[in-house]
Amino acid sequence: MNENMFPQDPADALDWRALGEPARKRETDPLTMFRDIAVVVAHLPGDTLAITCAGGLARRSGGYLHILQMVAMPVEAPDAWALVPDPALVERYAEIRADAARQARDMQHRMSAMCVQGDVLTLEALCSAPPSMAAAAVRRADLAVIGRPAASPSDAAMAHAYFAGVLLESGRPVLVVPEGTSARMPPRRAVVGWSDTPEATRAAHDALPLLETAEAVDIVVVNAPKGPLDAVEESVEGLLAHLRHHGVRAELTLCSSGRSPVSRALLEQAHRKQAQLIVAGGYGHGRMREWAIGGTTRELFHESPIPVLFAH
């Protein structure tokens with residue numbers, strides 16, 4: 001190829017170098033990949049800690065925090081004779097909206113106190129399912145954060161409905177923050193539950209900004225096949241090489257769950273390694289199957305004492 005076909009102006013070369021310099025600066029902290037962080041708030045115990053966790057990540061990344069305030073509006077029972085809305089229901093709507101506006105101001109003040117830029121978006125769910133509305137809003141973020149109540153089973157069930165909807169319908173990773181956890185974000189140590197599946201692969205990839213800043217990462221394979229390990233070793237070695245190319249200090253741990261669930265083995269490894277984060281693929285067997293007979297995703301959501309990053 002004739003080099004004169006594309007003459008290079010020295011000034012142009014200087015411009016390109018200048019453009020590349022900010023990019024190199026941005027790449028010094030992997031967490032800058034989380035520029036937009038959305039936290040789903042349904043006014044449940046654990047929401048405050050989720051906002052604090054998301055705000056800390058947004059402050060570290062220099063990003064923007066979106067607080068999605070979900071408001072489930074009561075629906076009037078159908079009445080063939082009713083030509084106008086029930087006045088009591090109209091009054092109730094006004095009360096709900098006034099309360100939501102007050103809480104939005106409180107959350108805006110909380111962000112200001114954390115020195116985080118962000119906004120509060122109130123989403124009223126009348127005819128639409130609140131989790132689906134949350135999932136649609138989260139699609140424009142890099143990471144979704146959801147709190148998990150610890151004491152009330154009914155509150156935990158509601159939080160799980162939001163979690164499942166966002167995880168399955170948004171295409172975004174979801175960080176679940178258990179109420180009362182003392183784990184720090186970003187984590188010093190992390191455990192990655194690995195199996196050669198699309199869900200586990202997506203989770204490991206989406207968690208890279210957090211894994212790159214960790215001091216140590218353990219790739220945990222539970223119940224590896226007892227037969228030839230060539231396929232397992234190939235997938236694990238490929239993952240380890242990929243993570244190390246990103247500067248992740250990753251090591252491999254093989255363990256057996258015995259008669260216990262896989263989730264229990266992951267939680268025990270996280271405890272043994274003093275991890276502050278678990279990374280796992282979500283709903284690899286399908287949500288309905290896990291709802292009917294249980295599964296790793298559901299059990300990690302309800303039982304983990306430390307944050308879990310899920311991806312689907």
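What you see is a predicted model, and the numbers here were worked out from it, not measured in a lab. Hydrogens, waters and symmetry mates play no part in the numbers below; they use all other heavy atoms, side chains included.
Contacts of Gln274 classified as side-chain contact (heavy atoms from CB on, under 4.5 Å), with partners at least two apart in sequence or in another chain: none. In this view, Ser154 and Ser152 satisfy the side-chain hydrogen bond (donor to acceptor under 3.5 Å, both in side chains) rule, not counting sequence neighbours. Take Arg102 and apply the side-chain contact (heavy atoms from CB on, under 4.5 Å) test, not counting sequence neighbours, and it matches Asp99, Arg105, Asp106. Scored by the side-chain contact (heavy atoms from CB on, under 4.5 Å) test, Arg264 finds Ser260, Pro261, Leu267, Glu268, Glu303 as partners (sequence neighbours excluded). With sequence neighbours excluded, no residue satisfies side-chain hydrogen bond (donor to acceptor under 3.5 Å, both in side chains) with Glu251. Residues passing the ring pair (Phe, Tyr, Trp, His ring centres under 6.0 Å) test with His43: none are found, sequence neighbours excluded.
When atom types are taken as modelled, the side chain of Arg110 and the backbone of Thr48 share no donor-acceptor pair closer than 3.5 angstrom. A distance-only check finds a donor-acceptor pair linking the side chain of Gln69 to the backbone of Ala100 [under 3.5 Å]. The main-chain N or O of Gly282 is found under 3.5 Å from a side-chain atom of His312 such that the two form a donor-acceptor pair. In terms of modelled atom types and a separation under 3.5 Å, the side chain of Asp206 and the main chain of Ala203 share no donor-acceptor contact. Remark: the backbone N or O of Leu210 is paired with a side-chain donor or acceptor of Thr213 at under 3.5 angstrom. Not one N or O on the side chain of Arg35 forms a donor-acceptor pair closer than 3.5 Å with the backbone of Asp142.
Closest of all the heavy-atom pairs between Tyr162 and Ala42 is CE1-CB, 3.6 Å.
The pair Asp218-Arg189 meets the salt-bridge criterion, with a side-chain N (NZ, NE, NH1 or NH2) lying under 4.0 Å from an Asp/Glu carboxylate O. In this structure, Asp36 does not pair ionically with Arg140, as no charged nitrogen and carboxylate oxygen lie closer than 4.0 Å. Between Glu199 and Arg202, no side-chain nitrogen of the basic residue sits less than 4.0 Å from a carboxylate oxygen of the acidic one, so the salt-bridge criterion is not met.
For the atom pair OH of Tyr283 and CG of Leu167, the computed distance is 7.0 Å after rounding to the nearest 0.5 Å.
Note on Met111 and Tyr64: separate hydrophobic clusters, where clusters join Ile, Leu, Val, Met, Phe, Trp and Tyr whose side-chain heavy atoms are under 4.5 Å apart, directly or indirectly.
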